[in-house]
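So the structure is just underneath, and the comments pick up after that.
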Amino acid sequence: MDINSIFENNREWVAQKLAVDPTYFSSLSKGQNPSILYIGCSDSRVTAEELMGVGPGDVFVHRNIANMVSNIDLSSMSVITYAVKFLEVQHVVVCGHYYCGGVKAAMDSTDLGILNPWLRNIRDVYRIHKTELQSITDENERYKRLVELNVQEQCINVLKTADVQLAYKKRGLTVHGWVFDINSGKLIDLNIDFEKVLKGIMEIYTID
Ligand code: CO
């Protein structure tokens, strides 16, 4: 990819949008009112808006390596607070993906420097679900399952935050766990039963 072609692409994109609606950008500049917060992986193959078929203004997006939600990560915590408390999104989505390099790296013992503490959160997911994961003999299937369980645990981390709990009680905010399959292009809803999950964690993590 030629870096200079980016500006050419941008000029074409602006022209295309304006051809359909001359007020497109001036309308966008008035503000945003997205109904979804999407938390996904930074992987270049998992293009949030494109795979969901949405455009500017539709989704508030946060991406990091392996779609993690860590309570000591100021960035993801700020994004969640802003989206839930101020933008009042109706849905929070954590979207993982098969073939995730971050999840793969957490399954290996390679020293990755500053990435070690970040990926250690995924190793914690592995530890929590060790019995299930170790019963899967096919390594590729175990890798896929860890991707799914990581999404589930990050959704739980979303639910542990005070703003999300408040919005859940007050206005029925919902949390969703999805996986994007790069090999087929399909988006899969893990259909996590959050009522059940919540019952299990609320006695420990509830914030009134
Ligand atoms: Co990834």
Side-chain angles (χ1 to χ4, degrees), residues 1 6 34 36-55 58-80 82-84 89 91-130 132-134 136 138-161 164 174-192 194 197:
M1 155 145 318
I6 298 281
I36 301 172
L37 162 60
Y38 167 101
I39 300 168
C41 185
S42 297
D43 193 302
S44 60
R45 301 165 296 178
V46 189
T47 54
E49 285 91 347
E50 194 176 344
L51 73 89
M52 291 189 284
V54 298
D58 292 332
V59 180
F60 202 67
V61 173
H62 180 72
R63 292 169 70 179
N64 62 35
I65 291 176
N67 40 271
M68 303 303 289
V69 178
S70 163
N71 68 318
I72 55 162
D73 172 26
L74 192 56
S75 181
S76 63
M77 288 300 116
S78 302
V79 166
I80 291 172
Y82 186 67
V84 171
V89 294
H91 309 275
V92 180
V93 170
V94 175
C95 184
H97 68 102
Y98 297 137
Y99 312 94
C100 182
V103 172
K104 183 82 185 159
M107 288 174 80
D108 300 332
S109 52
T110 318
D111 184 353
L112 294 165
I114 191 67
L115 269 167
N116 295 340
W118 187 256
L119 296 175
R120 196 162 58 219
N121 295 310
I122 308 174
R123 289 177 199 240
D124 291 338
V125 174
Y126 196 105
R127 179 171 51 77
I128 294 166
H129 298 278
K130 193 176 155 189
E132 182 190 338
L133 287 164
Q134 294 199 334
I136 304 169
D138 185 277
E139 200 182 324
N140 206 40
E141 287 304 312
R142 198 188 317 136
Y143 173 26
K144 286 176 86 171
R145 187 61 186 141
L146 182 56
V147 164
E148 296 169 2
L149 290 169
N150 184 47
V151 167
Q152 182 178 312
E153 290 302 324
Q154 301 321 312
C155 285
I156 290 171
N157 286 341
V158 169
L159 288 163
K160 286 174 189 167
T161 64
V164 169
T174 53
V175 179
H176 311 261
W178 296 351
V179 168
F180 176 67
D181 183 3
I182 295 178
N183 193 45
S184 68
K186 285 188 178 149
L187 197 53
I188 302 154
D189 188 346
L190 295 177
N191 287 313
I192 300 166
F194 283 105
V197 173

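Counting starts at 1 for both ligands and their atoms, in listed order. No experiment lies behind these values; they were computed from the predicted model shown.
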If the condition is ring pair (Phe, Tyr, Trp, His ring centres under 6.0 Å), which residues does F60 pass it with, not counting sequence neighbours? Y82
Step by step, work out the side chain to side chain donor-acceptor pair (under 3.5 Å) result for Q152 and H129. CA-CA 11 Å; Q152 182 178 312; H129 298 278; 4.6 Å; no
The Co ion (ligand 1): protein N, O or S atoms that are less than 2.8 Å away, sorted by chain: C41 SG, H97 NE2, C100 SG
Take L159 and V164 through the test side chain to side chain contact (heavy atoms under 4.5 Å, CB included) and record every step on the way to the result. CA-CA 6 Å; L159 288 163; V164 169; 4.2 Å; yes
Tested for side-chain contact (heavy atoms from CB on, under 4.5 Å) against Y98, the lone hit among I182, N183, D181, N140 is D181
Under a plain distance cut-off of 3.5 Å, with no hydrogens placed, do D111 and N116 share a side-chain donor-acceptor pair? yes
Please check if the number of heavy atoms outside I6 that lie under 6.0 Å from its CD1 is greater than 12. yes
